[in-house]
Amino acid sequence: MNFLERIFRFLFWLLVVSWSVALLRRVLAWMVREAMPVRTDQDVAGAGGFAADAEVGAGSGKADDGVAARRLVRDPVCGMHVAEVLAVPLRDSGELVHFCSVACRDKYVNGAQRMAANG
């Protein structure tokens, strides 16, 4: 065997292995998606959120399950949609509110204080 033939054979098997790994990852991702419970619009709305603000089928919402990164929440100040894991959370009256930035959170807190002061 000459040198070029060995290189081509190595590249061929490298390609086969990389395609196999990619296919295995897709199959495992599909299996994990199928195993997760699907949430309906009523489940999301009943949990205190808006159905338009959350992705249907978003799973349990834990940050470590990899699904929360796909769940979007809406900032009540500017209306921007942000991934839940990237949002700035604030617990207000027992409800968890998410913001796109600290500035929006501060505007929300200051606005709530002004409304409370006005009666």
Side-chain angles (χ1 to χ4, degrees):
M1 262 206 249
N2 63 12
F3 183 71
L4 287 177
E5 189 175 333
R6 287 183 181 185
I7 289 176
F8 284 128
R9 183 173 289 186
F10 172 76
L11 291 175
F12 170 75
W13 286 111
L14 183 67
L15 184 67
V16 168
V17 168
S18 65
W19 281 349
S20 300
V21 169
L23 181 63
L24 182 63
R25 288 182 70 192
R26 282 188 176 193
V27 168
L28 288 175
W30 174 77
M31 289 172 57
V32 168
R33 256 193 321 245
E34 290 295 319
M36 287 187 185
V38 176
R39 294 173 64 182
T40 62
D41 289 344
Q42 288 178 337
D43 293 340
V44 174
F50 297 99
D53 291 342
E55 177 182 322
V56 175
S60 64
K62 296 180 199 168
D64 59 347
D65 66 1
V67 176
R70 289 184 262 166
R71 184 168 184 264
L72 296 179
V73 292
R74 186 173 176 268
D75 186 325
V77 176
C78 67
M80 182 174 165
H81 286 84
V82 185
E84 185 178 26
V85 294
L86 300 176
V88 178
L90 173 71
R91 186 156 304 272
D92 183 32
S93 311
E95 182 181 347
L96 190 60
V97 184
H98 296 279
F99 300 93
C100 66
S101 66
V102 176
C104 281
R105 182 193 64 193
D106 293 342
K107 284 181 188 177
Y108 181 83
V109 170
N110 291 336
Q113 287 175 350
R114 270 188 260 139
M115 286 189 289
N118 290 334

ILVMFWY network linking L96 to F99, side-chain heavy atoms under 4.5 angstrom: no
NE2-CZ distance between H81 and R71, expressed to the nearest 0.5 angstrom: 11.0 Å
Among all residues two or more places apart in sequence or in another chain, which pass the side-chain contact (heavy atoms from CB on, under 4.5 Å) test with W30? R33, E34
Of all heavy-atom pairs linking C100 and C104, the shortest is SG-SG, 3.6 Å
Quick one: pull up CZ in R105 and CG in D92 and give me the separation to the nearest 0.5 Å. 12.0 Å
With rounding to the nearest 0.5 Å, note down the distance linking CG in D106 to CG in L90. 9.5 Å
Honestly curious: do V32 and V21 fall in one hydrophobic cluster under the side-chain, below-4.5 Å linking rule? no
Nearest non-hydrogen partners of V97 and P76, listed with the distance: CG1-CG, 3.5 Å
What about V82 and V85, same hydrophobic cluster or not, with Ile/Leu/Val/Met/Phe/Trp/Tyr joined at side-chain heavy-atom distances under 4.5 Å? yes
Do you reckon L24 sits in the same ILVMFWY cluster as L15, going by side-chain contacts under 4.5 Å, direct or chained? no
Which hydrophobic side chains are connected to V16, either touching it within the sub-4.5 Å cutoff or through other members that do? F12, W13
